[in-house]
Amino acid sequence: MASPYSEKVMDHFRNPRNVGEIANPDGIGKVGNPVCGDIMEMYIKVKDNVITDVKFKTFGCGAAIATSSMATELIKGKTIEEALNLTNKAVAEALDGLPPIKMHCSVLAEDAVKGAIDDYLKKTTGKGLPGWKPRNEEIHEHGH
Amino acid sequence: MASPYSEKVMDHFRNPRNVGEIANPDGIGKVGNPVCGDIMEMYIKVKDNVITDVKFKTFGCGAAIATSSMATELIKGKTIEEALNLTNKAVAEALDGLPPIKMHCSVLAEDAVKGAIDDYLKKTTGKGLPGWKPRNEEIHEHGH
Amino acid sequence: MKRIYLDYAATTPTHSDVFAAMEPYFGEKFGNPSSIHSFGRETRSAVEKAREQVAALISAKPEEIVFTSGGTESNNFALNGIAEINKTKGNHLITSRIEHPAVLEPCQHLEKQGFVVTYLPVDKDGLINSDDVKKAITDKTILVSIMMANNEIGVIEPIEEINRVIKDKLEKQGQKIYFHVDAVQAFGAIPIDVNKLGMDLLSCSGHKLYGPKGVGALYIRKGTRIAAFMRGGHQEKNRRASTENVPGLVGFGKACELALRELDSRVEHLTGLRDKLIKGLLDKIPETQLNGHPTRRLPNNVNVSVRYIEGESMLLNLDMEGIAASTGSACTSGTLDPSHVLLAIGLPHEIAHGSVRFTLGRLTTQEDIDHVLDVFPKIVEKLRAMSPLYKKGGK
Amino acid sequence: MKRIYLDYAATTPTHSDVFAAMEPYFGEKFGNPSSIHSFGRETRSAVEKAREQVAALISAKPEEIVFTSGGTESNNFALNGIAEINKTKGNHLITSRIEHPAVLEPCQHLEKQGFVVTYLPVDKDGLINSDDVKKAITDKTILVSIMMANNEIGVIEPIEEINRVIKDKLEKQGQKIYFHVDAVQAFGAIPIDVNKLGMDLLSCSGHKLYGPKGVGALYIRKGTRIAAFMRGGHQEKNRRASTENVPGLVGFGKACELALRELDSRVEHLTGLRDKLIKGLLDKIPETQLNGHPTRRLPNNVNVSVRYIEGESMLLNLDMEGIAASTGSACTSGTLDPSHVLLAIGLPHEIAHGSVRFTLGRLTTQEDIDHVLDVFPKIVEKLRAMSPLYKKGGK
Ligand SMILES: Cc1ncc(COP(=O)(O)O)c(C=O)c1O
Ligand SMILES: Cc1ncc(COP(=O)(O)O)c(C=O)c1O
């Protein structure tokens with residue numbers, strides 16, 4: 001029983017922004033797994049602590065694609081700290097909301113961003129994001 | 001959930017034959033009771049062992065009225081023995097059938113005839129119909 | 001011959017506006033509301049609109065409405081669903097002797113499963129006493145089910161008072177007892193506000209208020225846990241599986257919208273006709289009595305007992321004159337016992353057998369009533385003339 | 001944009017002849033079939049005619065048909081009703097892993113009440129092995145419920161063989177096991193003869209064969225005892241209370257009449273289109289597979305898995321092009337697990353997530369299929385381009 005998506009979601013689904021890969025990324029976030037039906041990969045390019053470029057690839061439903069797309073827009077040109085402040089709620093709100101059963105997609109998008117930053121920090125500082133791990137496993141359990 | 005009655009039933013219901021009482025009857029049969037919602041009274045006039053006149057009064061549903069009416073037609077001009085051979089099935093068949101839940105009305109009609117003859121025999125011979133009693137009580141129980 | 005329909009409590013004709021609202025949802029907008037494509041989205045929103053229309057008629061929230069296939073399902077759902085969820089808390093149910101079979105039969109079935117049911121009596125007018133409800137409550141009571149208005153004699157029960165008794169139990173002893181109301185006859189016929197009346201569950205059915213047959217709803221107050229009655233797909237938030245009857249629900253919604261808009265004028269129109277018919281019958285036909293409370297009754301219900309004659313034979317004669325009515329006589333029901341409702345108000349069997357119900361509707365006119373008052377006394381006379389119980393010149 | 005509907009397994013548009021047959025029963029012939037007056041008699045006979053039409057489609061007797069509100073109710077009724085009546089004889093049920101939720105959920109609910117249910121596996125084509133049924137039978141087995149045709153992958157199960165296994169048990173050991181068949185998808189789509197196939201109960205639903213939504217039937221072989229599911233009035237010989245949905249039943253009957261008349265030509269038309277679509281999809285889109293047996297399948301069912309991409313995103317793209325289809329992906333169902341049917345035939349999760357079902361119907365044309373074969377490969381290409389699982393040039 002799917003509720004229709006908002007116009008914003010459909011816009012990002014129809015014309016996803018920043019699709020693709022970055023050849024030599026400064027960080028890659030890979031979250032989700034095929035069992036759940038959602039996989040997101042996010043690639044970032046960072047210069048002077050600013051995310052100068054970002055691309056994604058997503059296997060997943062309409063909401064997964066739209067949240068990925070929206071997340072890339074929201075962090076492009078932002079500092080690492082700003083990007084880390086991005087919450088899944090903010091992604092969902094920027095899309096004028098998501099149906100309740102699709103909220104996990106926004107979590108995935110937030111996690112993909114965090115994953116990419118974690119990877120970037122590991123590469124540059126040797127230490128990742130303190131205490132961070134993707135939440136999708138957890139959510140998967142709640143979904144049942 | 002009542003099935004519609006046959007045309008014959010409706011004809012006898014619309015224009016019941018032999019309605020009324022007989023002033024000085026040779027026999028009266030009274031069967032049924034108000035609890036069940038059916039009461040029949042049958043009056044007969046007998047001459048030389050032949051039923052020369054018959055009338056009825058009935059409190060009851062359409063089938064009760066139609067079966068009373070049909071029963072009077074079927075025994076009028078008949079000998080006592082012929083009248084005693086009248087079965088409820090014969091009454092129902094003469095009416096082109098009755099809905100199953102209404103078959104008890106034909107039993108009542110048969111019993112009203114028997115009751116009137118029983119009464120006539122008691123009056124004339126001092127003994128009624130051997131072993132006879134109205135069946136409506138029985139049927140009432142089965143109806144539940 | 002012009003036919004006069006006076007059996008609106010049995011069912012009503014679908015209103016032409018209702019039919020017009022339904023029509024596009026058969027061949028044109030036919031998608032399954034669970035589908036995500038455009039065909040499904042257009043029916044999904046139609047179903048949600050219908051839910052709002054139904055909710056509005058009783059001042060409920062749309063999410064408190066679960067659609068069903070009719071009043072019977074709503075009642076079975078409410079009783080079984082509440083009993084199942086709460087069986088560890090208690091096994092006692094309270095209802096009344098004059099409920100519709102769609103409440104009584106599920107109750108009897110629950111008795112076979114170990115539940116205990118109290119069937120409250122009513123007074124001679126058909127009214128349930130809220131004190132009786134109070135006295136019947138035990139610490140094992142989990143559910144009270146009382147109808148809002150009786151389908152045979154039209155009496156309107158003191159739902160608000162009964163609810164107060166039940167809520168008292170919660171406030172004073174902390175015992176939560178669910179209150180279900182079968183409002184199938186009252187819904188759309190008299191004003192209902194679930195918040196003022198306070199019940200937890202309420203049953204209604206579309207075909208009693210100029211909506212289509214085969215649809216109904218169960219109002220379930222927010223926060224009420226209930227076991228599903230039909231299991232399968234995720235429809236109705238897992239509370240009632242099965243592909244939605246979209247045109248039916250759209251029609252039901254429309255019927256509720258019309259009922260809400262026209263409620264006052266319908267009540268006024270019907271009350272006038274009802275009282276005219278009651279007065280006319282009692283005046284013109286000796287030894288006739290009204291069944292059910294004279295004023296605390298549905299605006300459209302007239303139920304009379306006519307002594308010495310039987311209900312079905314009156315109905316058939318009325319039908320021959322083109323007048324459609326109903327009876328509480330056993331003869332139409334497949335059993336030999338007359339209406340349990342008429343027996344519950346204390347009528348002896350032979351008088352209960354001799355009752356007729358006229359229920360009026362939107363399309364009933366003064367002329368219709370005049371016609372009945374002209375025809376019916378003659379029918380009574382004819383039948384009394386052949387009744388062994390009736391002795392001419394009064395008994 | 002012209003819209004192309006390819007989701008006939010979800011629901012069908014009401015046939016115009018069906019609608020025409022129903023129309024008079026809303027506002028004009030609206031009586032309650034239980035009423036004895038003329039308004040009731042005309043709808044009573046309409047209901048009985050509909051019963052004959054439904055019975056005729058499966059070579060049953062009219063009195064073996066009980067009307068319900070749809071396939072879900074028929075399934076719930078059959079499973080609960082047989083389990084309840086026979087619980088003293090045994091507590092074991094057998095069904096399959098690929099049944100519709102309207103069978104699986106009632107089974108799970110019966111498990112909570114102490115029944116034991118065996119869920120049989122299927123092979124990679126979706127077929128149940130009648131030997132597995134045989135092995136699963138214990139002396140506590142009272143009911144076997146197997147669907148005739150699967151709603152997702154269209155596979156047609158060996159009902160006649162399974163019935164033989166069950167009847168063997170009766171003949172050799174004198175153990176009566178009831179056989180229920182959910183034929184909601186097969187009914188009107190392929191020939192069904194209840195006497196040849198031998199089941200005791202069979203479920204069907206009106207809206208899957210161009211009849212209205214909200215009506216269905218349960219075939220109950222003569223002599224089969226079953227507990228009522230809805231209790232109340234005496235409708236359907238006490239087996240299913242509630243005022244009959246007269247227009248719905250009339251429409252359902254008409255739809256069955258049409259299906260019977262047109263069955264052969266529908267099968268021929270659909271089989272041709274189905275095979276064209278299957279071939280076209282597999283030819284045009286690399287790394288795509290057909291789900292369900294290639295020939296023992298419903299004439300209108302095409303279910304394919306497209307690697308590396310997810311079902312809902314395919315559906316939304318199809319919908320943007322005006323094409324309505326369905327998916328076994330979790331994303332439409334409110335859970336995260338993909339279709340239990342696709343998992344049961346052994347698909348890994350990620351492939352199950354990437355499946356699409358096209359179901360064809362009376363009004364589907366060659367041009368529609370051509371259009372899908374033109375549009376869909378482009379959608380796949382677009383989605384694969386953004387999939388992290390897809391490495392260009394094949395992986
Ligand atoms: C009071 C009452 N409850 C329940 C019902 C059952 O409703 P339905 O026939 O729609 O199932 C009716 C009507 O028959 C009724 O009058
Ligand atoms: C195989 C099967 N069984 C049962 C059902 C349930 O039917 P309905 O939606 O009419 O209740 C469906 C359809 O959704 C089905 O495909």
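By convention in this document, chain letters (A, B, ...) are assigned in the order of the sequence lines, proteins followed by strands, and residues within each chain are numbered from 1. Scope of the values below: all heavy atoms of this structure, side chains included, with no hydrogens, waters or symmetry mates.
- Counting only distance, with no hydrogens or angles, the side chain of Glu312(D) and the backbone of Gly62(A) share a donor-acceptor pair below 3.5 Å.
- Here the side chain of His353(D) pairs a donor or acceptor atom with the backbone of Val35(A) at under 3.5 angstrom.
- Residue Cys61(A) holds its SG atom at 13.5 Å from CD1 of Ile309(D), rounded to the nearest 0.5 Å.
- Using a 4.5 Å cut-off between heavy atoms, Ile65(A) touches chain D through its side chain atoms alone.
- Counting all heavy atoms, side chain and backbone alike, Lys382(D) lies closest to Phe13(A) at NZ-O, 4.5 Å.
- Neither the backbone nor the side chain of Ala64(A) comes within less than 4.5 Å of any heavy atom in chain D.
- Other residues, nucleotides and ligands place no more than 12 heavy atoms under 6.0 Å from the CD atom of Glu381(D).
- For NZ of Lys45(A), the number of neighbouring non-hydrogen atoms (other residues, nucleotides, ligands) closer than 6.0 Å is greater than 12.
- Surrounding NZ of Lys2(D) are more than 12 heavy atoms belonging to other residues, nucleotides or ligands, all under 6.0 Å away.
- Few gaps surround NZ on Lys123(A); more than 12 heavy atoms of other groups in view lie less than 6.0 Å from it.
- The minimum heavy-atom distance between Tyr308(D) and Phe59(A), with the atom names listed, is O-CD1, 3.1 Å.
- In this structure, the portions of Met386(D) lying under 4.5 Å from any heavy atom of chain A include both its backbone and its side chain.
- Separation of atoms CE (Met10(A)) and CG (Leu316(D)) is listed at 5.0 Å; rounding is to 0.5 Å.
- Counting all heavy atoms, side chain and backbone alike, Ala385(D) lies closest to Lys57(A) at O-CE, 3.4 Å.
- Pro34(A) has its side chain out of reach of His349(D): every pair of non-hydrogen atoms, C-beta onward, lies at least 4.5 Å apart.
- Within a 6.0 Å sphere centred on NZ of Lys284(D), heavy atoms belonging to other residues, nucleotides or ligands number more than 12.
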